[in-house]
Amino acid sequence: MKKIKLHWQILIALVLAVLIGYFLPQYVKYLSWMGDMFMRALKMLIVPLILSSIITSVANIGSGANLGRLGLKSLSFYFTTTTLAILTGLFFVNLKVLIEIVPSNIFEAMVGEQTLSIIFFAILFGLFINYIPKESSTTLNNFFNAVLEVMMKMTMFVIQFTPLGIIGIVS
């Protein structure tokens, strides 16, 4: 038997959820837990996935001297666009956000899902991995690469439940 691809499963779940919500609203309360569980599972993955992927990426780029011309252009483009986005956001939302990018306690930032602070910490951590002795930096690189692999496997596992999550959320 041929398995239905995930994107078709999601589309079918979306249509089914709308139909259930419209024609059988009394049963929605029995389905909403699937959406709640799906969202909780996704939120569970956010912090470790962001942390491990950014630390691994920055650490694998190497020190500033090893970036090369392309890496330097890419980082310049990234920092320029990020800076413009941050400045625009700060102008329209809240000027205190700039100060809050630097976390006073990284663990509180992780618990509070302060994504920008986590990203800032991860970039610094990944960068400074390159400035410690080779043996230690290799150990940390291997560790965060392994964490990233596990997080990607966990993410793919949770993604398989997207159709059920869609039914629970949309219905």
Visitor: Using modelled atom types and a 3.5 Å cut-off, is there a donor and acceptor pairing between side-chain atoms of Q9 and backbone atoms of I4?
Guide: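 Yes.
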Visitor: Please tell me if the side chains of I55 and L51 come closer than 4.5 Å, counting only heavy atoms from C-beta onward.
Guide: yes
Visitor: When rounded to the nearest 0.5 angstrom, what distance separates OG in S137 from CD1 in I132?
Guide: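 These two atoms lie 5.5 Å from each other.
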Visitor: In the single-linkage hydrophobic clustering (I, L, V, M, F, W, Y; side-chain heavy atoms under 4.5 Å), do V147 and I118 co-cluster?
Guide: yes
Visitor: Can you name the nearest heavy-atom pair linking I123 to V58, along with the distance?
Guide: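 Closest approach of I123 to V58, heavy atoms only: O-CG1, 3.6 Å.
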Visitor: Are the side chain of T56 and the backbone of S53 linked by a donor-acceptor contact shorter than 3.5 Å?
Guide: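 No; zero donor-acceptor contacts below 3.5 Å.
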Visitor: Hey, could you give me the CG/CD1 distance between L124 and I106, rounded to the nearest 0.5 Å?
Guide: 9.5 Å
Visitor: Side chains of M37 and L164: closer than 4.5 Å at any heavy-atom pair?
Guide: no
Visitor: If we check side chain to side chain contact (heavy atoms under 4.5 Å, CB included) with I129, which of these qualifies: T138, L140, N60?
Guide: L140
Visitor: Starting at CG of N141, measure out to OG of S136 and round the result to the nearest 0.5 Å.
Guide: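 One gets 11.0 Å once the value is rounded to the nearest 0.5 Å.
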Visitor: Count I, L, V, M, F, W, Y as connected when their side-chain heavy atoms are under 4.5 Å apart, and connections chain through other members. Are F107 and I50 then in the same cluster?
Guide: yes
Visitor: Of all the heavy-atom pairs spanning G165 and F38, show the shortest one and how long it is.
Guide: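 Minimum heavy-atom contact is CA-CB, 3.7 Å.
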Visitor: Can you name the side-chain contact (heavy atoms from CB on, under 4.5 Å) partners of K153, sequence neighbours left out?
Guide: none
Visitor: Any heavy-atom pair between the side chains of M152 and L49 that's under 4.5 Å?
Guide: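 Result yes, sub-4.5 Å side-chain heavy-atom pair found.
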Visitor: Considering all heavy atoms of both residues, which atom of M34 and which atom of I167 are nearest to each other, and what is their separation?
Guide: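 Result for this residue pair: CE-CG2, 3.8 Å.
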Visitor: Identify the two heavy atoms, one from Y131 and one from L127, that lie closest to each other, and give their separation to 0.1 Å.
Guide: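 Scanning both residues completely, I find the closest heavy atoms to be CD1-O, 3.4 Å.
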Visitor: Find out if a path of hydrophobic residues (ILVMFWY) with successive side-chain heavy-atom gaps under 4.5 Å connects I119 to F144.
Guide: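 Linked, I119 and F144 end up in one cluster.
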Visitor: Tell me, please, which residues at least two apart from M154 pass side-chain contact (heavy atoms from CB on, under 4.5 Å).
Guide: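 For M154 the side-chain contact (heavy atoms from CB on, under 4.5 Å) partners, ignoring immediate neighbours, are M44, L45, V150, M151.
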Visitor: Would you name the heavy atoms of P163 and L6 that are closest together and state the gap between them?
Guide: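 Where P163 meets L6 most closely, the heavy atoms are CD-CD1, 3.9 Å.
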Visitor: For a quick test of reading the model, state the closest non-hydrogen atom pair linking I54 to A122 and the distance between them.
Guide: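 Taking I54 first and A122 second, the nearest heavy atoms are CG2-CB, 3.6 Å.
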Visitor: Hey, what do you get for CG (L14) to OG1 (T162), rounding to the nearest 0.5 Å?
Guide: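 That separation rounds to 12.0 Å.
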Visitor: With the 4.5 Å side-chain cut-off for hydrophobic clustering, are V18 and L16 part of the same group?
Guide: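 In one cluster: no.
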Visitor: Applying a strict under-4.5 Å side-chain criterion to I, L, V, M, F, W and Y, I'd like to know whether V111 and I46 cluster together.
Guide: no
Visitor: If you measure from CD1 on I12 to NE2 on H7, what distance do you get to the nearest 0.5 Å?
Guide: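 If we round to the nearest 0.5 Å, I12:CD1 and H7:NE2 are 9.5 Å apart.
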Visitor: CD1 of I10 to CH2 of W8: how many Å apart, nearest 0.5 Å?
Guide: 11.5 Å
